[in-house]
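Each remark here refers to the structure printed beneath this line.
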2 protein chains.
Amino acid sequence: MSQAAVSLVLGDKWRGRVSEATAERVREAARRLDYRPNLAARNLRLGRTRTVLLVVPALTTEFFAGVYTGAARVAADHGFGVVLYPSPEGIGPARDPFASAQAALDGVLASSMAADALTAIRGDRLPLVMLDSDPHGSLGAATVNLDIADGTRQVADHLLGLGHRHFLHVAADIPSWTFDVRARELAARVRAVPGTTLRTTRTPMTIEGALAAAETALDTPGPHPTAVVCDDDKLAAGVYKALRRRGLRVPDDVSVTGVDDIALATALDPELTTLRLDAERFGEHGMHALLAVLEGRTPEQGDIPVHLVVRGSTGAPRPS
Amino acid sequence: MSQAAVSLVLGDKWRGRVSEATAERVREAARRLDYRPNLAARNLRLGRTRTVLLVVPALTTEFFAGVYTGAARVAADHGFGVVLYPSPEGIGPARDPFASAQAALDGVLASSMAADALTAIRGDRLPLVMLDSDPHGSLGAATVNLDIADGTRQVADHLLGLGHRHFLHVAADIPSWTFDVRARELAARVRAVPGTTLRTTRTPMTIEGALAAAETALDTPGPHPTAVVCDDDKLAAGVYKALRRRGLRVPDDVSVTGVDDIALATALDPELTTLRLDAERFGEHGMHALLAVLEGRTPEQGDIPVHLVVRGSTGAPRPS
DNA sequence: ACGGTCTAGTTATACGTAAAACCTCGTGGG
DNA sequence: CCCACGAGGTTTTACGTATAACTAGACCGT
């Protein structure tokens, strides 16, 4: 029973090379010794690791947790593992560029919101698929996107249809292609209707940040917004608090919308009208695309549709 | 310039073995060729990978995301990477036990809530540290715990001190040492006071689940609870909704408490009185313990303190 | 009977790194 | 003058796996 025979049997490549009797002897011995293959050696030999890196801005968001879950599920189905690289803010400055991602990698799946971290790990020399980033500007890498432009139009049309004309956009202060698209698309849609106003305020992506930003915006002179469009459900929660402090009721006085549809959206009172992003599906698509690239195929094109979930936080504006 | 010299210089072990001039030549060449070491080969040679596995029940909870963040930060500080293994529910049945954790591992940090997954990956033969599990029953592995028993007493004493006598415990239906401790400690504390009642309802850890469970419990005949103790902030959100539907106000009619202090807690109206668990610190402690085990040291003992954050959801019961 | 083919193996090699063991000078002390 | 020694290198080996290349019989048709 040579080492080669063992390798063949355990690698399930023994048909016609090893007799059934010997194969069984090998399996029995492996069982008895509780043998485990040395992954490092296998990786070295094969020159690939079946491990990919997922780069996300921060994990403490339900959204990216969902992206991870979807990506990891697809990866597991194809015998791949997923290593996570949350951006430096969460982890601390990457001291040694190598230390952060100890695992040898086959490819990288990266959110555009963590683009700076990308160059730090030098994922740029590995097969790369970008999540949520400019299809025309991403280093030539394949891109998987949510159809956020369409989603933004759905939000705008919903509110315009209800009769709203004065908008406040509570925007995330993170530089990112996605948020740029949202701002642009919202402005385009709103301004297409005569007599509308659109104000924008930027805030860190926390409830407290949005609370402060919304209060400032509400105190600013000018036409009072009857609809507040938030870049994120969490921001909407902050807006709820700001409105409550001003004695304004949702949706009677002001309508509010979010983006993501995380658990928080239905915890709010009234439940939040929000743009549902299917985070897991996003992660799945991204991983499928990366696996395609790794196999030399070209990944499927096409943005992932998103849709508006209308709940209790939006209604017709008070006739003024 | 031999390969050995290169290895010495790049491994920063060249003092007295290689001249400064040669060292510089090596570094220059490495830079020019954009050399990256092959991690698989290094892992094979050294027999260790500087990679550990974190096993958590699901990532879509802010709490475990925090645990990961803390653990990953400490790991990175020590040149370690962290691979994640969310439990099968999130990922799908682990087909090949090896496939799930492709990376070769040095150790495992595992939440007790995913104990079954542990044997699947056979982390049991690697250095192991358990998070939140019975110190006396965990395979002899080191254990890092939050002082959840003390925390539960803080919650109970707070409510008892306000005058509450009739309690509803909205408990997670996940079998776990932590949740058992909570139930036991709560019951002990409440029953120590004469004239009290304590009812318990179990629910999946979702807002909808808690909503349904709370509604059922509220409709059950018997003394009406004036205080609802939830195993989790998300469950508390469901309880808020149930109370709202019954026309009961928080905290005037019913007080509510949670556990975790995630963002959701301050998004609720009124803000939730909750037991703050410092998830990141928990992850940091766990990783420190695991690193200690890996170095042959014995990890520090002692539970991590938790403390009650009193907000607007608790108050004195209505005099009846 | 003999070359060819098939079966069931074994032997040998490569992957890239770290580090032990070995080599070769030049220098300083006795 | 010779030897020990240290500085500065180089050669060699080992890690565990996958697989290409080789080998030894057994069997088959002509």
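Every chain is numbered from 1 and lettered A, B, ... according to where its sequence line falls, protein lines coming before strand lines. Being a predicted model, the structure only gives us computed values, none of them experimental.
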(request) Quick one: sort the B:Phe63 and B:Phe282 rings into parallel, tilted or perpendicular, breaks at 30° and 60°. (result) tilted
(message) Any carboxylate oxygen within less than 4.0 angstrom of a Lys/Arg side-chain nitrogen, looking at A:Arg36 and A:Asp34?
(response) yes
(message) Which residues pass the salt bridge (Lys or Arg N to Asp or Glu O under 4.0 Å) test with A:Arg31, not counting sequence neighbours?
(response) A:Glu24, A:Glu28
(request) Pick out which of A:Val306, A:Ile304, A:Val67 makes a side chain to side chain contact (heavy atoms under 4.5 Å, CB included) with A:Arg281. (result) A:Ile304
(request) Whole angstrom is fine here: how far is it from CZ in A:Arg36 over to C1' in D:dG16? (result) 16 Å
(message) For C:dG9, does the base pair up with any side-chain atom of A:Arg17 as donor and acceptor (N or O, under 3.5 Å, distance only)?
(response) yes
(message) Please report the distance, rounded to the nearest Å, between CE in A:Met1 and P in C:dT10.
(response) 9 Å
(request) Under 4.0 Å between any heavy atoms, over every strand shown, what does A:Leu46 touch: base, sugar-phosphate, or nothing? Just pick one. (result) sugar-phosphate
(message) If you count heavy atoms of other groups shown closer than 6.0 angstrom to CD of B:Glu295, is the number above 12?
(response) yes
(message) Rounded to whole Å, how long is the line connecting atom CG of A:Leu10 with atom P of D:dT17?
(response) 9 Å
(message) Using heavy-atom distances to pick each residue's nearest nucleotide on DNA chain D, tell me which of B:Gly16 and A:Asn38 is more 5'.
(response) B:Gly16
(message) Just the rounded figure in Å: distance from C1' of D:dT11 to CG of B:Leu8.
(response) 13 Å
(request) Can you see which heavy atom on A:Val129 is nearest to which on A:Leu290, and at what distance? (result) CG2-CA, 3.5 Å
(request) Ignoring the backbone of A:Ala4, work out which of D:dG16, D:dT19, D:dT11 is nearest its side chain. (result) D:dT19
(message) If you assign each of A:Gln3 and A:Ser19 to its closest nucleotide in DNA chain C, which residue comes earlier from the 5' end?
(response) A:Ser19
(request) For residues B:Lys234 and B:Met205, report the shortest heavy-atom separation together with the two atoms involved. (result) CD-O, 3.9 Å
(request) Within residues 21-33 of chain A, find the residues that approach DNA chain D with a heavy atom at under 4.0 Å, and present them sorted by residue number. (result) none
(message) What is the separation between atom CZ on A:Arg42 and atom C1' on C:dG16, rounded to the nearest whole Å?
(response) 18 Å
(message) Rounding to an integer number of Å, can you tell me how far A:Trp14 CH2 sits from C:dT7 P?
(response) 14 Å
(request) Check the distance between D:dA14's C1' and A:Leu44's CG and give it to me in whole angstrom. (result) 12 Å
